[in-house]
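Structure first, then comments.
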Amino acid sequence: MSDRLRRWWTTLRVSYWLGWQIESNWTDPFLFFIYSIARPLGSALILVFMFFVVARVRQGPILGFFIVGTAFWPFIVSGMQGMAWSIISDREHWRTLKYVYTSPIPYRAYLVGRALAQAASASAAMLITLLFGRWVLKVPIGLATIDLPYALAAFVLGITAIIALGLVIVSAAMMISGEAWRMPEAVGAALYLLCGAVFPVAVLPGFLQTVTQGIPLTWWLEAMRRGLLGSGTLRSFAWASDAQVLVLLAVSTAVWMAIGLAVFTLAERRARALGILDRESAF
Amino acid sequence: MSVQTLTPARGAARTIRAMLGRSYPRIIGANRERSWLCYDTVLPLLGTVAFVYVYKALGAPERFIGYVIMGGATTAFWLNVMWSMAAQFYWDKQGGNLELYMVVPCGVPAILLGMSLGGMVATVLRAIAIVLLGSWLFHVDYSLVQIPLFVLVFAVAIVALYGLGVTFASLFLLWGREAWHTANLFMEPVFLVSGFYFPVSALGFWVGMGASIIPLTLALDAMRQLLFPSVHPGLLPVSWELGILVGLAALFIVVARLSLKKMEFLARREGRLSLRF
């Protein structure tokens, strides 16, 4: 392993550990578990009751759509928003950004490690939501419907896409100091609306449907539904085959990763030039 | 250059002056930061629009879209109460203001009253914006005939809600990072049990009654009954819900006063008032 790669790996590992400690050590493991699953399960149940009051039946293909969407959404919230919040909290709250940034580590690896730690905290929520869907709501997720290689490939690409979008948001957070902490939440809310997280994008107005196709997370959620629920799932893009969805996910992820890296490099240079990299304002 | 000086005030005059002073940054000051206006209105609206599209995907009748818009406006109040009331002392600890609040002669209750007043006024404006924008975007018709009763339910609910906010603020006084996470925890689970996006009666009578400890549950149900008469499946008759809301308002005001005293004492004794992390 080259020296550069080894430094990347070490930084990633240590920042992952640091991120995990920040995320979880404010309470005991049991309470942390409850905290991790309460919000996603709450979200899933809101949708389930919305379905019940309208459909007045207990089952339907859209339940599977809701369950997979709400199971995987916390990865986006934790990973993408979490990456931005890690830079904001280092700068504004812990006031350690200047020390981390000037230490001899690759800063991108540090941010990716923090994002992965945040994303890992969403795993329990994902698992519990899927189990709840399977055993309580009788959503057809099982060995017969799961295409494991497809779902795994989609999952890895999805996490990569989350990191790519996270880099773009981190870049914006570097440049806006005052209200940076609310910006990731706003982006998350917009993506919740645009990515087909809880409804098929076909119900959106035409121009928004075009926008959704440029976001890798739309393809990720579609691919996860196809990988876990099989052919019986409700689809956002009925015209696309499973392979096409995966290819479009890979292509859009690659494009956004290139954009993310380029934007991050520019923002980092600009923030250093303006002397605002560690400018505090929130507290 | 002349400096305006205020004569020292005592008693109720001092409390009112402190209250107005603390509410000023929330009503006037907050509007100077344009991004706050945008975030406070657009963020709940984006979530609301997402749920509107869920109902559209389900082929729901039009009144459900009205339910969601009302729920979205209510979200603005809940966000304000949890983040700007309950967790406010956590932010104030970080900024070093909490120690100042503790030593000023008006006392903490006046500060909390000011925070409540400022939060109420600012959030009412944002909630109105959400309802107007949402109703305009999705062409929602309301058939509100009992306007005075609607306003009364709303006003009593807001008093009860901010009473709950002050109670939470005093509980959160002891906490560090837990405050942030607890406020975070009280989002979707509360939206669920309070029926923000569907009629609370769908959860069953006793679950609905249990959730009524959160004033927004009965307030939303009563307001929906008044906005969509004869079609909304109410949990209780509006007059009963109003009566319970009045009781909750009185209860939370008393509980808030007692818990603030107790928690302030504990926080001073355990040295947590200035503990940042």
Side-chain angles (χ1 to χ4, degrees), chain A residues 22-27 31-32 34-36 38-55 60 62 65-66 69-70 92-94 176 178-183 185-205 208 234 282-283, chain B residues 33-36 38-40 42-61 64 67-68 71 83 91-97 175-182 184-203 233 276-277:
Chain A
I22 292 173
E23 273 304 290
S24 62
N25 74 2
W26 56 275
T27 187
L31 270 180
F32 179 67
I34 299 291
Y35 168 77
S36 304
R39 286 190 72 178
L41 260 186
S43 297
L45 282 170
I46 288 171
L47 297 165
V48 167
F49 276 97
M50 287 169 77
F51 171 73
F52 286 167
V53 293
V54 174
I62 202 162
F65 192 96
F66 289 158
T70 47
E92 311 275 351
H93 187 72
W94 311 114
I176 48 172
E179 277 308 294
W181 65 277
R182 299 194 75 178
M183 183 268 299
E185 197 185 348
V187 176
L191 288 175
Y192 189 69
L193 174 64
L194 292 173
C195 287
V198 288
F199 56 83
V201 294
V203 298
L204 285 170
L208 284 181
L234 195 69
F283 296 106
Chain B
E33 177 58 61
R34 297 278 180 257
S35 68
W36 284 13
C38 176
Y39 287 130
D40 288 348
V42 171
L43 270 181
L45 190 65
L46 285 173
T48 305
V49 172
F51 283 109
V52 167
Y53 279 113
V54 171
Y55 273 131
K56 280 185 178 282
L58 290 169
F64 284 92
Y67 288 174
V68 170
W83 292 110
W91 309 124
D92 286 330
K93 256 188 216 181
Q94 310 302 318
N97 287 339
W175 293 343
R177 278 190 295 157
E178 302 96 313
W180 162 275
H181 291 292
T182 308
N184 225 352
L185 184 66
F186 283 158
M187 291 293 127
E188 281 81 357
V190 169
F191 300 162
L192 169 70
V193 297
S194 294
F196 273 42
Y197 299 109
F198 56 85
V200 71
S201 55
L203 294 168
R276 283 190 68 216
F277 303 121

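Note on naming: letters A, B, ... go to the chains in the order of the sequence lines (proteins, then strands), and numbering restarts at 1 for each one. Everything numeric in this text was worked out from a predicted model, so none of it was measured.
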Given A:Phe51 and B:Val54, is the side chain to side chain contact (heavy atoms under 4.5 Å, CB included) satisfied, shown in steps? CA-CA 9 Å; A:Phe51 171 73; B:Val54 171; over 6 Å; no

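- At a 4.5 Å heavy-atom cutoff, the contact between B:Phe64 and chain A is made by side-chain atoms alone.
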Between A:Tyr35 and B:Thr182, does a side chain to side chain contact (heavy atoms under 4.5 Å, CB included) hold up when you go through it step by step? CA-CA 8 Å; A:Tyr35 168 77; B:Thr182 308; over 6 Å; no

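- Heavy-atom distances place no part of B:Val42 under 4.5 Å from chain A, backbone and side chain included.
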Only pairs under 3.5 Å count here: list side-chain donor-acceptor contacts from residues 187-198 of chain B, not counting sequence neighbours, and write none if there are none.
| from | atom 1 | to | atom 2 | distance (Å) |
| --- | --- | --- | --- | --- |
| B:Glu188 | OE1 | A:Arg39 | NE | 2.5 |
| B:Glu188 | OE1 | A:Arg39 | NH2 | 3.0 |
| B:Glu188 | OE2 | A:Arg39 | NH2 | 3.2 |
| B:Ser194 | OG | B:Val190 | O | 3.3 |
| B:Ser194 | OG | B:Thr217 | OG1 | 2.9 |
| B:Tyr197 | OH | B:Thr75 | OG1 | 3.4 |

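- In plain terms, the two heavy atoms of A:Ile62 and B:Ala57 that are nearest each other are CD1-CB, 4.4 Å.
- Residues B:Leu46 and A:Tyr192 are not in side-chain contact: their nearest non-hydrogen atoms beyond the backbone lie 4.5 Å or more apart.
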Between A:Phe199 and B:Leu58, is the side chain to side chain contact (heavy atoms under 4.5 Å, CB included) condition met? List the steps. CA-CA 9 Å; A:Phe199 56 83; B:Leu58 290 169; over 6 Å; no

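- In this structure, chain A has heavy atoms under 4.5 Å from both the backbone and the side chain of B:Asn184.
- The two residues B:Ala202 and A:Phe49 come nearest to each other via the heavy atoms O-CE2, 3.7 Å.
- Residue A:Ala55: no heavy atom, backbone or side chain, is found under 4.5 Å from chain B.
- Residue contact with chain A, scored on non-hydrogen atoms closer than 4.5 Å, is absent for B:Leu45.
- Neither the backbone nor the side chain of A:Phe65 comes within less than 4.5 Å of any heavy atom of chain B.
- Annotation: the span from B:Phe51 atom CZ to A:Met50 atom CE amounts to 6.0 Å, rounded to 0.5 Å.
- Annotation for A:Val53 and B:Pro199: closest pair CG1-CD, 4.2 Å, computed over non-hydrogen atoms.
- Both the backbone and the side chain of A:Ser43 come within contact range of chain B, judged by heavy atoms closer than 4.5 Å.
- The shortest side-chain heavy-atom distance between A:Pro205 and B:Tyr53 falls under the 4.5 Å cut-off.
- Taking A:Val203, A:Ile34, A:Ile46 one by one and counting their heavy-atom pairs under 4.5 Å with chain B, the maximum is reached by A:Ile46.
- Only the side chain of A:Leu47 comes within contact range of chain B, with heavy atoms under 4.5 Å apart.
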